[in-house]
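Written below as C-alpha cells is the structure these notes are about.
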Amino acid sequence: MMNPASNMDPVPAWKIGDAPGERLRILVVEDDFLIGMLLADMLEMMGHEVCATEATEAGAIAAAAKCHPNMMIIDAQLREGSGISAVDEILRVRAVPYIFVTGDIRGVLQMRPDAIVVEKPFTESCLISAMHRARARI
C-alpha cells in the first residue's frame, strides 16, 4: 500500500514555521563583497527579499532605519565599525530578529553569550536553522 504523503512535494525547509507565502525582508551586513553577494543570492533563491546589503556599521544602522527589515544577518566583525554595535543601536529603536555570521564564534559568544551565531563558511541548512531560532525569540 502506497503512503499518500509520499506523492506530495516536500515543504521547503525555509517555509517550515513561516506563514504561507511569507517573504522576509532581510538586511544583510557583510564587508566581504563576494560573501555578501552570495548570501543575498541565497536568501533571494529562498524566496526572501534582501532590502539592503551594507558593509559598515553606519551603513547597517541607516539601512535598518530606512528599510525596516524583519530579519538581519550581520557579520560580527566589520572593517569599518562593528556588527555587534550596529545590532545594539538598531535594537534601541525596535526589535528585529538577527543572526551573526563570523569566522570567530568564540569571540562573539564571549561578548554575547546568548547570540545566534553561524560560523563561516556555512551551509544553507545551517542558515535556515539559525533564521528559525532567531525568529522564535521575537
Side-chain angles (χ1 to χ4, degrees):
M1 183 168 162
M2 184 180 222
N3 179 353
S6 66
N7 288 335
M8 299 174 65
D9 290 331
V11 175
W14 62 270
K15 284 289 189 187
I16 297 171
D18 293 346
E22 183 175 12
R23 183 176 187 197
L24 296 176
R25 195 173 46 261
I26 302 173
L27 169 61
V28 173
V29 181
E30 172 58 64
D31 61 358
D32 182 304
F33 176 77
L34 184 58
I35 293 172
M37 183 179 70
L38 292 171
L39 181 55
D41 286 348
M42 179 187 298
L43 293 165
E44 288 173 352
M45 287 178 62
M46 291 178 185
H48 301 296
E49 171 193 354
V50 175
C51 63
T53 303
E54 295 294 333
T56 66
E57 178 181 343
I61 295 166
K66 182 178 178 181
C67 74
H68 305 284
N70 49 20
M71 171 69 68
M72 299 185 296
I73 300 175
I74 301 187
D75 185 350
Q77 300 171 339
L78 303 170
R79 281 183 222 123
E80 292 183 39
S82 161
I84 294 170
S85 295
V87 167
D88 291 343
E89 187 66 30
I90 293 164
L91 295 179
R92 285 189 182 112
V93 176
R94 69 183 189 91
V96 181
Y98 63 92
I99 300 163
F100 289 118
V101 292
T102 185
D104 178 24
I105 286 183
R106 279 190 246 175
V108 174
L109 291 176
Q110 286 176 347
M111 295 174 68
R112 299 288 187 280
D114 63 338
I116 297 173
V117 185
V118 175
E119 186 171 23
K120 295 177 186 174
F122 52 85
T123 63
E124 184 176 317
S125 62
C126 183
L127 181 63
I128 290 166
S129 175
M131 290 171 70
H132 285 292
R133 289 193 324 268
R135 292 191 69 215
R137 288 187 174 181
I138 299 292

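Residues: numbered from 1 along the sequence shown.
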Shared-cluster residues of Ile35, by chain and number - hydrophobic side chains joined below 4.5 Å: none
Ile128 CD1 to Phe122 CZ distance, which is reported to the nearest 0.5 Å: 11.0 Å
Qualifying ring pair (Phe, Tyr, Trp, His ring centres under 6.0 Å) pairs with a residue from residues 54-91, counting only residues at least two apart or across chains: none
Contacts table for residues 70-81: side-chain donor-acceptor under 3.5 angstrom, sequence neighbours left out:
{"residue": "Asn70", "atom": "OD1", "partner": "Arg25", "partner atom": "N", "Å": "2.6"}
{"residue": "Asp75", "atom": "OD1", "partner": "Gln77", "partner atom": "N", "Å": "3.2"}
{"residue": "Asp75", "atom": "OD2", "partner": "Lys120", "partner atom": "NZ", "Å": "3.1"}
{"residue": "Arg79", "atom": "NH1", "partner": "Asp31", "partner atom": "O", "Å": "3.4"}

Gap between atom CG of Leu127 and atom NE2 of His132 - 0.5 Å precision: 9.5 Å
Please output the side-chain donor-acceptor pairs of residues 99-109 that fall under 3.5 Å, not counting sequence neighbours, one pair per line with the distance.
{"residue": "Thr102", "atom": "OG1", "partner": "Asp104", "partner atom": "N", "Å": "3.0"}
{"residue": "Asp104", "atom": "OD1", "partner": "Gly107", "partner atom": "N", "Å": "3.1"}

Shared hydrophobic cluster for Val96 and Val117 (ILVMFWY, side-chain gaps under 4.5 Å): yes
Set of side-chain contact (heavy atoms from CB on, under 4.5 Å) partners for Thr123, sequence neighbours left out: Ser125, Cys126
Ring pair (Phe, Tyr, Trp, His ring centres under 6.0 Å) contacts in which one or both residues fall within residues 23-46, not counting sequence neighbours: none
Glu30 and Thr53, any side-chain heavy atoms less than 4.5 Å apart: no
hydrophobic_cluster_shared for Tyr98 and Leu43, side chain cutoff 4.5 Å: no
Between CZ on residue Arg135 and CG on residue Leu24, distance to nearest 0.5 Å: 4.5 Å
Pairs satisfying salt bridge (charged side-chain N to carboxylate O under 4.0 Å, His left out), at least one member in residues 49-64, at least two apart: none
Residues 82-92 side chain polar contacts: donor-acceptor under 3.5 Å, at least two apart:
{"residue": "Ser82", "atom": "OG", "partner": "Ile84", "partner atom": "N", "Å": "3.1"}
{"residue": "Ser82", "atom": "OG", "partner": "Ser85", "partner atom": "N", "Å": "3.1"}
{"residue": "Asp88", "atom": "OD1", "partner": "Arg112", "partner atom": "NH2", "Å": "2.9"}
{"residue": "Asp88", "atom": "OD2", "partner": "Arg112", "partner atom": "NH2", "Å": "2.3"}
{"residue": "Glu89", "atom": "OE1", "partner": "Arg92", "partner atom": "NH1", "Å": "2.5"}

Pairs satisfying ring pair (Phe, Tyr, Trp, His ring centres under 6.0 Å), at least one member in residues 70-92, at least two apart: none
Interatomic spacing from CD in Glu124 to CG in Leu39 - rounded to 0.5 Å: 10.5 Å
